[in-house]
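Below is one structure, written out as structure tokens, with a few remarks after it.
All values below were derived from every heavy atom in this structure, side-chain atoms included, with hydrogens, water molecules and symmetry-related copies excluded. Note on naming: letters A, B, ... go to the chains in the order of the sequence lines (proteins, then strands), and numbering restarts at 1 for each one.
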Amino acid sequence: MGFVQVSEKEGDEPIELPAEEDGTLLLSTLQAQFPECSGLQYRIVETKAVRGVRSNEGRMYSPSEESGWGEHHYFCVFPKKNKRQSDDNSENSVAKTKRTEPLLRCFDLIVLGLSYKTTDQTLREFFETYGDVVKAEIKRDNTSGQSKGFGFVRFGSYDAQMRVLSKRHLIDGRWCEVKVPSSRGIGNQVPGKVFVGRCTEDIDAEDLREYFSQFGEVIEVVIPKPFRGFSFVTFLDPYIPQLLWGEDHIIKGVSVRVSSADKRVVPKKNQQIQSNNFNMHPGNNFRMHPANNFVMHPANNFNMNPFYPHGYQMNRAMN
DNA sequence: GTTGAGCGTT
């Protein structure tokens, strides 16, 4: 909880960035203010040594478990190869980093079939045997507080996430399955396209392109006119969108909401488009792109449970 | 206080 004091360079006036509930600072939060920033450092007052902040899976961890981020004044680290992103003539390390980082990032997993007595706490404790649990919550009825029998869990490491998805789990006497939420599925979505809700009018196409370029190459930005409070961003790689849903994204200090752009939400005919196809990339043909085969991607095979491929009644013998 | 396929954002 709380805020982290960060400036671009050591000695500059710091700004306060909000930390997450678990005390971590999201790289996306950091990059919303310092777009090219890849990490944080701070100086130890006593020894004058500079220390780096631990970072993993898009999250930055405070130096101390007890005192959190403390009163340190953090400053940004930038990649050495910090060329303009439009310099697309070489497959440099920047481009590779931007492609692989979101692929390995964890996301919420849904836990189905939970006992009505299972709590956030017992859910967390159960999954902690697999790795750091960033979030564990039971979904409850708003008025009665009664559990709905399912919940969400999020891990700190992709490895733990993979291991959990590969098996069934006996939690509080019930066999439960852990799946990728259908909200991340690939139903009617337009390949590579995301819906960006809660936009404000001062967020223009260039702001959106600049922000979302950290996750992959952006090939189109559409802001419906007249302004309707949302916009669309399309990536070259069609699997990028499902890695962004459910995240908080802060652009120009505004918390926007990224969700799927499906075919029901096609822009109206009689509207202007502020910007599109600003990046005429030769690889714009989705069919030609090797990443276009969704099924080939491991992230799309999570729900194929080898134990119960046909919906076996998991809790038949219980209770 | 009961139930048992699903899919949330406080």
message = Need one value for Leu114(A): base, sugar-phosphate or nothing, where a base atom within 4.0 Å counts as base even if backbone is also close, heavy atoms only.
response = base
request  = Describe the nucleic acid contact of Ser115(A) in one word from base, sugar-phosphate, nothing, applying a heavy-atom distance below 4.0 Å.
outcome  = base
message = Check this for me: does any side-chain nitrogen of one of Asp172(A) and Lys117(A) sit under 4.0 Å from a carboxylate oxygen of the other?
response = no
Whole Å only: how far is the [atom1] atom of [X] from the [atom2] atom of [N]?
X	N	atom1	atom2	result
Asp108(A)	dG6(B)	CG	P	21 Å
Leu109(A)	dG8(B)	CG	P	15 Å
Arg140(A)	dC7(B)	CZ	C1'	17 Å
Glu20(A)	dT10(B)	CD	P	14 Å
Leu244(A)	dT9(B)	CG	P	21 Å
Arg154(A)	dT9(B)	CZ	C1'	11 Å
Lys148(A)	dT10(B)	NZ	C1'	13 Å
Asp141(A)	dG4(B)	CG	C1'	16 Å

From C-beta outward on [X], which listed nucleotide comes closest to its side chain: [options]?
X	options	result
Gln146(A)	dT3(B), dG4(B), dG8(B)	dT3(B)
Arg257(A)	dT9(B), dG6(B), dC7(B)	dT9(B)
Lys139(A)	dG8(B), dT3(B), dG6(B)	dG8(B)

task = Verify whether one side chain among Tyr211(A) and His249(A) offers a donor that lies under 3.5 Å from an acceptor in the other.
result = yes
message = With no hydrogens and no angle check, just 3.5 Å: does a side-chain donor-acceptor pair link Asp141(A) and Thr143(A)?
response = yes
query = So do the side chains of Phe232(A) and Val196(A) get within less than 4.5 Å of each other, counting heavy atoms only?
reply = no
query = Under the criteria of a ring-centre distance below 5.5 Å and an interplanar angle below 30°, is Tyr116(A) stacked with the base of dT3(B)?
reply = yes
key: dG8(B) base stacked by Phe152(A) (centroids within less than 5.5 Å, tilt under 30°)   = yes
query = At what distance, to the nearest 0.5 angstrom, does CG of Leu17(A) lie from CH2 of Trp69(A)?
reply = 9.5 Å
inquiry  = Let me spell it out: for each of Ser147(A) and Phe150(A), pick the nucleotide of DNA chain B with the closest heavy atom. Which residue's pick is nearer the 5' end?
reply    = Ser147(A)
